Amino acid sequence: MTPPDFDALFTRAGVTGWLCAADVDTGHELGHGPDELLPTASMFKVPLLVEFCRQADAGLLDPATQVTVPAEGRIPGPTGIAAMLDDVTISLRDLAYLMIAVSDNTSADTLLDLIGCDAVNAMLDGLGLARTRVVQGAGEGNARMRDDTGHGWPYLDPEDIARLSVLDPAHTNRSTPREMVRLFELIWRDEAASAESCAWMRSVLNMQVWPHRLASGFPYDDVAVSGKTGTYPTLRCESGVVEYPDGHRYAVSVFTRSFSTALIQPRADAVIGTAARMAVDHLRR
């Protein structure tokens, strides 16, 4: 069967796109540039979540441990603790929830400071995901954008975009659509950590509040969509799992780079869901 014309789809939406989709249980796969190395933006929080759970499984940390995140020195962001004004005392487990459900940068960096990039990358090597790397937190990424351009958010000038090292996969958190799909497959098959931890990760990933990308392609009450988005200037991506009432499960990862530097681009957001739906439909046929 001829695969969908993803190039035409992405071009109509004003983006360049890459994707991978796979049946979680059979391994049957469809790709469009699936091995392209790309920046992950906030999707780096998924491997961080996995290593958090593995350390909890090993008794290296207690998820219920309470930490106080001071008001000063927080990572800027519009959601979660990053947007709060006062000191917050919270468990490590709830930090992990916030970094996924609302993509809270302060929660993610608090956990990354505790766990460390080296531990996350060693875990990825052990899972066979050697091209996926976490090399910096959200705060460092924001600081590098300021350093690269000489000013803060927003970054709209094409010359500024060209200077952003966070958009160069050689110098930032990175993965490929295929490796992101593999990571989600491992979570959904209880192979990324203990069965209990994988079940908890699935529940948290299902709580992500953003409906405008992957989930937009599956607007049905009986289809569950779980995932994690990522966003940098001109970069929009999401990886996750789509679960049908017949029991079939599909891991999907879609990355896009937009031709325009505008902040608000509903077509670029929506094409992630459209492309995912076309890929899953193809696999189901």
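Any value given below was found using the heavy atoms of this structure, including those in side chains, with hydrogens, waters and symmetry copies removed. All figures in this text were calculated on a predicted structure; none of them were measured in a lab.
Atom NE2 of His171 has 12 or fewer heavy atoms from other residues, nucleotides or ligands within 6.0 Å. The local environment of CD in Glu159 is sparse, with at most 12 non-hydrogen atoms from other residues, nucleotides or ligands closer than 6.0 Å. Summarising the local packing, OH of Tyr232 is surrounded by more than 12 heavy atoms from other residues, nucleotides or ligands at distances under 6.0 Å.
Contact annotation: the side chain of Leu111 approaches that of Leu92 to within less than 4.5 Å [non-hydrogen atoms, C-beta and beyond]. With contacts defined as side-chain heavy-atom distances shorter than 4.5 Å, the pair Asn142/Pro76 qualifies. In this structure the side chain of Glu238 never reaches within 4.5 angstrom of the side chain of His212, judged on heavy atoms. Side-chain contact between Arg146 and Tyr155 is present, with at least one heavy-atom pair separated by less than 4.5 Å. Taking the side chain as every heavy atom from C-beta outward, Ile100 and Leu205 approach each other to under 4.5 Å. A heavy-atom distance below 4.5 Å is not found between the side chains of Met180 and Cys237. Looking at heavy atoms from C-beta onward, Tyr244 lies in side-chain contact with Val280 at the 4.5 angstrom threshold. Side-chain contact between Leu186 and Cys198 is absent, with no heavy atoms from C-beta onward closer than 4.5 Å.
Remark: the backbone N or O of Leu156 is paired with a side-chain donor or acceptor of Thr261 at under 3.5 angstrom. In this structure a side-chain-to-backbone donor-acceptor pair under 3.5 Å is missing from Thr274 to Val271. Proximity of a side-chain donor or acceptor of Asp104 to a complementary backbone N or O of Leu98 within less than 3.5 Å is not detected. Between the side chain of Asp23 and the main chain of Tyr250, no donor-acceptor pair closer than 3.5 Å is present. Listed for the Glu185 side chain is no donor-acceptor partner under 3.5 Å among the backbone atoms of Ala251. Within the 3.5 Å criterion, the main-chain N or O of Val102 finds a donor-acceptor partner in the side chain of Thr79. Put simply, the side chain of Arg267 gets close to the backbone of Arg12: a donor and an acceptor are under 3.5 Å apart. With hydrogens and angles ignored, the 3.5 Å screen pairs a side-chain donor or acceptor of Asp57 with a backbone N or O of Ser194. In this structure a side-chain-to-backbone donor-acceptor pair under 3.5 Å is missing from Arg249 to Asp25. Here the side chain of Gln265 pairs no donor or acceptor atom with the backbone of Ser258 at under 3.5 angstrom.
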Side-chain donor-acceptor distances from residues 220-227 under 3.5 Å, at least two apart:
unit_1, atom_1, unit_2, atom_2, d
Tyr220, OH, Arg277, NH1, 2.8
Tyr220, OH, Arg277, NH2, 3.4
Ser226, OG, Asn206, ND2, 3.2

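From Cys117, atom SG reaches atom CD of Glu140 across 8.0 Å, with rounding to the nearest 0.5 Å. Rounding to the nearest 0.5 angstrom, the gap separating the CD atom in Glu196 from the CH2 atom in Trp200 is 11.0 Å. To the nearest 0.5 Å, atoms OG (Ser107) and CG (Leu112) are separated by 12.5 Å. The NZ atom of Lys228 lies 11.5 Å from the CG atom of Leu48; values are rounded to the nearest 0.5 Å. Between atom OG1 of residue Thr176 and atom CZ of residue Arg131 there is a gap of 6.0 Å, rounded to the nearest 0.5 Å. Once rounded to the nearest 0.5 Å, the distance linking NE2 of His248 with CD of Glu243 reads 12.5 Å.
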Can Leu164 and Thr234 be said to form a side chain to side chain contact (heavy atoms under 4.5 Å, CB included), step by step?
CA-CA 11 Å; Leu164 293 178; Thr234 72; over 6 Å; no
With side chain to side chain contact (heavy atoms under 4.5 Å, CB included) as the criterion, how do His32 and Asp7 come out once you've worked through the C-alpha distance, each side chain's angles and the decisive distance to 0.1 Å?
CA-CA 9 Å; His32 182 76; Asp7 274 331; 3.1 Å; yes
Between Leu95 and Ile81, does a side chain to side chain contact (heavy atoms under 4.5 Å, CB included) hold up when you go through it step by step?
CA-CA 9 Å; Leu95 286 173; Ile81 293 174; 3.6 Å; yes
With side chain to side chain contact (heavy atoms under 4.5 Å, CB included) as the criterion, how do Val69 and Met84 come out once you've worked through the C-alpha distance, each side chain's angles and the decisive distance to 0.1 Å?
CA-CA 10 Å; Val69 183; Met84 297 179 187; over 6 Å; no
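Shown here for Phe255 and Pro177, the closest heavy-atom pair between the two residues is CD1-CG, 3.7 Å. Annotation for Val24 and Arg189: closest pair O-NH1, 3.0 Å, computed over non-hydrogen atoms. Taking all atoms of both residues into account, the shortest heavy-atom contact from Asp5 to Ala8 is OD1-N, 3.1 Å. When all heavy atoms of Leu124 and Pro47 are compared, the pair lying nearest together is CD2-CB, 4.0 Å.
Remark: Val135 pairs with Arg133, Asn173, Arg174 by the side chain to side chain contact (heavy atoms under 4.5 Å, CB included) rule, at least two apart or across chains.
Residue pairs meeting the salt bridge (Lys or Arg N to Asp or Glu O under 4.0 Å) criterion with at least one member in residues 60-69: none, sequence neighbours excluded.
Salt bridge Glu179/Arg182: absent, no basic N to carboxylate O contact under 4.0 Å. Between Arg163 and Asp160 there is a salt bridge, with a side-chain nitrogen of the basic residue lying less than 4.0 Å from a carboxylate oxygen of the acidic one.
The hydrophobic clustering, which links ILVMFWY residues whose side-chain heavy atoms are closer than 4.5 Å, places Met99 and Val134 together. There is no path of hydrophobic side-chain contacts, each under 4.5 Å, that joins Val50 to Leu60.
Between Phe184 and Trp188, the ring planes are tilted. Angles from 30° to 60° get that label.
A donor and an acceptor atom, one from each side chain of Thr68 and Thr89, are located under 3.5 Å apart. Between Arg144 and Ser165, the side chains place a donor N or O and an acceptor N or O closer than 3.5 Å (distance only, hydrogens not considered). Judged purely by distance below 3.5 Å, without hydrogens or angles, the side chains of Lys45 and Thr40 never pair a donor atom with an acceptor atom. A donor-acceptor pair shorter than 3.5 Å cannot be found between the side chains of Thr256 and Arg213.
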